[in-house]
Amino acid sequence: MTDLLAGLNREQTQAVTLPPQHALILAGAGSGKTRVLTTRIAWLIQTGQVTPQGLLAVTFTNKAAKEMIARITAMLPINTRGMWIGTFHGLCNRLLRTHHREANLPQLFQILDSADQLAAIKRLLKTLNVDDEKYPPRELQHFINGQKEQGHRPADVEAWDEFTRRRVELFAEYEAQCQRESVVDFAELLLRSYELLKHNEPIRKHYQRRFRHILVDEFQDTNKLQYRWLKLLAGGDGEVPGACLFCVGDDDQSIYRFRGAEVGNMLAFEREFQVPNVIRLEQNYRSCGNILDAANAIIANNTQRLGKQLWTDQGEGEPIRVYEAFTDGDEARWLVEEIQSLVRDGLSRSDIAVLYRSNAQSRVLEHQLFSAGVSYRVYGGLRFFERQEVKHALAYLRLIANPDDDTAFARVVNFPTRGIGARSLEALQDAARTFNGSLYATVSHLTGKPRKAIEPFVAMIEKMRSDTAALPLPEVVDHVLDQSGLREHYLSQKAKDGQERLENLDELISAAANFVAEMPAPEAAVDHPLLADFLAHASLEAGDHQADAGEDAIQLMTVHSAKGLEFDVVFLTGLEEGLFPHDNSVRELDGLEEERRLMYVAVTRARQRLYVSLAQSRMLHGQTRYCMRSRFLDEIPVGLTKWLTPQQSASRQPSPGAFGAGMRRAATAPAQASRDLNGLRIGQAVQHARFGVGTIVAAEGSGADARIQINFGPNGMKWLLLGVAKLEPVG
DNA sequence: TACGACTAATTTTTT
DNA sequence: ATTAGTCGTA
């Protein structure tokens with residue numbers, strides 16, 4: 001028992017060995033959060049306080065779930081199979097498969113990923129003849145998911161205006177369509193299993209009795225519905241005592257508000273459960289002192305915090321290096337040189353990360369890295385199960401498992417092309433609407449030319465199903481690739497990237513083989529064993545975000561995707577107003593605080609050395625933008641930084657004289673900036689007849705298009721045409 | 001059905 | 001600058 005706790009600090013030990021009560025662990029960046037969580041689980045089991053079956057552990061990503069399982073198995077010789085450790089969605093899927101009857105779903109229901117969901121919505125709008133200009137599919141998708149995440153069904157939505165009323169109708173139509181097609185989207189997995197537990201007392205009590213300890217990772221990222229789901233499972237119910245909720249999170253690292261995460265859940269949890277144990281893990285084992293001090297100083301500017309101060313006993317380490325480039329290209333060139341010199345000094349490339357706020361920034365960086373021959377890896381591209389050819393193949397498999405899946409049907413009915421045109425499909429959609437059946441089932445009701453065109457497709461799927469019924473899964477996939485004509489299509493010259501796509505299709509067969517190997521053999525002799533499970537796996541786990549994990553390459557990623565990772569050296573690029581913090585966020589309520597948390601996450605990724613860089617001008621959307629340096633840069637105490645270039649960019653609160661000619665390097669300063677701005681400078685105060693006094697924040701375009709952005713304080717942020725606006729310099 | 005031309009949008013992302 | 005999506009023509 002003691003060896004489990006070996007090496008833990010006081011707070012960590014306290015958290016791991018808490019008595020069976022609710023607990024909230026405020027775990028700062030790099031404070032050993034995952035270790036505490038997994039050790040807590042191992043400790044609970046080892047001390048006999050709970051059996052592996054009596055425990056529920058929830059994470060957000062499959063990666064985190066896998067790591068948790070791996071660490072637990074390393075600590076305890078137990079079989080984790082059968083333990084309920086997984087993502088919210090994975091566990092809900094499990095719940096719904098087990099109780100599909102009670103949840104009013106067929107056992108083989110399919111899961112729509114976001115792209116499938118969007119396709120389904122587009123199809124819905126088309127059949128209902130809805131103007132997609134007025135109701136953009138993406139917006140509707142966001143609306144529907146947002147409502148579901150609030151726990152709302154169409155009847156629960158308060159609609160005060162015509163627009164919302166109509167969207168609610170479409171929400172209801174969408175639900176009907178999903179039910180008809182036996183498909184379930186991500187939000188629905190959550191909501192459906194929440195409702196199952198809520199309304200089915202025997203099932204609810206069964207799980208409430210079973211789970212004595214519920215542990216939640218990244219609790220700050222939970223949305224409203226997820227929190228309610230947890231409350232339902234953990235809440236006592238009459239004679240059934242409540243479970244212990246052990247929530248681990250960091251309010252300062254809450255960066256997913258834009259997709260529904262509610263940091264407020266942390267406070268709500270503490271209040272509603274009268275949490276007797278709030279433990280702060282503030283000792284950081286990752287970063288040097290200077291880096292932590294910078295992070296602490298930055299996050300201290302946020303007002304809505306639970307409060308935490310990271311510290312380390314590692315010493316202050318190196319200063320934070322700041323580089324100010326003239327252009328984004330210069331920034332990238334400098335970065336590559338610096339990286340090359342680090343590598344020459346013996347640092348391995350995979351220990352270096354280049355972070356940016358938005359994906360668009362990676363292009364310039366990649367270009368320079370590529371020309372210099374430095375190998376790199378970009379996170380966040382298409383994932384395996386999201387690739388076009390893979391989705392096509394999966395669509396055929398989905399039709400075998402569930403012919404009513406109209407999304408899959410529509411996707412491949414004419415791919416590879418088999419002469420089924422828009423007219424035939426329209427006829428089919430109309431007929432399906434009148435017969436209130438699936439596209440697949442409606443084909444037999446068609447007449448004339450459309451029927452002739454589509455019938456062979458249905459026959460083909462039928463043949464596939466019977467031919468493959470008794471085959472093992474990988475062979476099913478192989479067979480489908482051939483019989484559908486997909487392989488032939490990508491083999492032909494006209495398909496672009498054919499070779500690569502064929503490789504991915506082969507990879508899909510391997511994925512199926514791996515999946516089968518990791519699954520227990522199916523009990524009964526059923527047709528297409530494991531097919532539905534494999535399809536669920538494909539939807540719930542889209543595959544790795546990165547390619548070639550083994551290669552020693554520089555890691556490029558957005559700050560968001562860097563959360564949870566750490567590197568010896570971090571380059572944080574594009575520290576400019578408008579970019580980081582992003583313009584769109586500054587306008588939102590509390591948006592700036594979230595951007596600052598993002599900055600905090602970025603800074604705390606670095607172990608040894610942190611570089612922070614910015615460019616005075618940057619190509620954005622094909623136009624050069626002139627930028628001020630980010631306010632976040634100014635929030636780092638001066639004593640912690642070391643400027644590699646003379647400080648020259650405008651700060652947000654300009655001090656008198658800071659922009660004098662003497663501060664600029666005359667020979668190399670970007671000449672356009674002053675020329676295009678008619679003698680005005682970024683950071684300069686100007687007077688406008690209507691808006692009053694403001695500060696020039698940014699400029700873009702040239703000639704007649706030249707526009708400048710001015711912060712008029714209480715009168716707001718305005719973009720004004722330089723040639724039109726009458727501006728007087730102030731001071 | 002396939003291709004080229006034109007238009008609009010372009011923060012962050014897991015499941 | 002780029003890319004996805006729509007529209008009209010061959």
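Worth knowing before you read on, the calculation uses all heavy atoms, side chains too, and leaves out hydrogens, waters and symmetry mates. Owing to the predicted nature of the structure, the values given are computational and were not obtained by experimental measurement. Lettering follows sequence order; numbering is per chain, from 1.
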Near-ring test A:H537/A:F515, centroid separation under 6.0 angstrom:
yes
Could you tell me whether A:Y256 and A:H560 have their ring centroids closer than 6.0 angstrom?
yes
So, is [X] near the phosphate of [N], with a side-chain N or O under 4.0 Å from OP1 or OP2?
X	N	answer
A:N62	B:dT14	no
A:R259	B:dT15	no
A:S114	B:dT14	no

Could you work out which one of B:dT13, B:dT15, C:dA1 sits closest to the side chain of A:M619?
C:dA1
How long is the line joining [atom1] of [X] and [atom2] of [N], in whole Å?
X	N	atom1	atom2	result
A:L118	C:dG5	CG	C1'	12 Å
A:D113	B:dT13	CG	P	16 Å
A:E366	C:dA1	CD	P	17 Å
A:K563	B:dT15	NZ	P	12 Å
A:L190	B:dT14	CG	P	17 Å
A:K148	B:dT15	NZ	C1'	13 Å
A:E218	B:dT13	CD	P	15 Å
A:F415	B:dA2	CZ	C1'	13 Å

What protein N or O atoms touch nucleotides 7-9 of chain C N or O atoms at under 3.5 angstrom, if any, and at what distances?
none

Any side-chain to backbone donor/acceptor pair from A:R605 onto A:V601? Under 3.5 Å, distance only.
yes
Inter- and intrachain pairs under salt bridge (Lys or Arg N to Asp or Glu O under 4.0 Å), touching residues 107-117 of chain A, at least two apart
A:D113-A:K391, A:D116-A:K391, A:D116-A:R398
Non-neighbouring partners of A:E588 that pass side-chain contact (heavy atoms from CB on, under 4.5 Å), sequence neighbours left out:
A:R257
side-chain contact (heavy atoms from CB on, under 4.5 Å) involving A:R418 - partner list, sequence neighbours excluded:
A:Y396, A:N414, A:P416, A:I420, A:F457, A:M460
When A:L540 and A:F258 are each assigned the nearest nucleotide of DNA chain B, the 5'-most assignment goes to A:F258
Starting at the 5' end of DNA chain B, which residue's closest nucleotide do you reach first, A:L598 or A:L189?
A:L598
Please identify which of these residues, A:N223, A:T222, A:D251, meets the side chain to side chain donor-acceptor pair (under 3.5 Å) condition with A:N265.
A:T222
Exactly one of A:K563, A:R259, A:Q253, A:Q226 clears side chain to side chain donor-acceptor pair (under 3.5 Å) with A:D221, and that residue is A:K563
Sequence neighbours excluded, the answer for salt bridge (charged side-chain N to carboxylate O under 4.0 Å, His left out) partners of A:K122 is none
Identify whether NZ of Lys or CZ of Arg in A:R97 sits under 6.0 Å from the centre of the six-membered ring of A:F109 and within 45° of that ring's axis.
yes
Under 4.0 Å, heavy atoms only, any strand: does [X] hit a base, just the sugar-phosphate, or nothing?
X	result
A:Y256	sugar-phosphate
A:D221	nothing
A:L112	nothing

What N/O pairs connect the protein and nucleotides 4-11 of chain B at under 3.5 Å? Give each pair on its own line.
{"unit_1": "B:dT11", "atom_1": "OP1", "unit_2": "A:N584", "atom_2": "ND2", "d": "3.4"}
{"unit_1": "B:dT11", "atom_1": "O4'", "unit_2": "A:H582", "atom_2": "NE2", "d": "3.3"}
{"unit_1": "B:dT11", "atom_1": "O2", "unit_2": "A:R357", "atom_2": "NH1", "d": "2.7"}
{"unit_1": "B:dT11", "atom_1": "O2", "unit_2": "A:R357", "atom_2": "NH2", "d": "2.3"}
{"unit_1": "B:dT11", "atom_1": "O4", "unit_2": "A:E588", "atom_2": "OE2", "d": "3.0"}

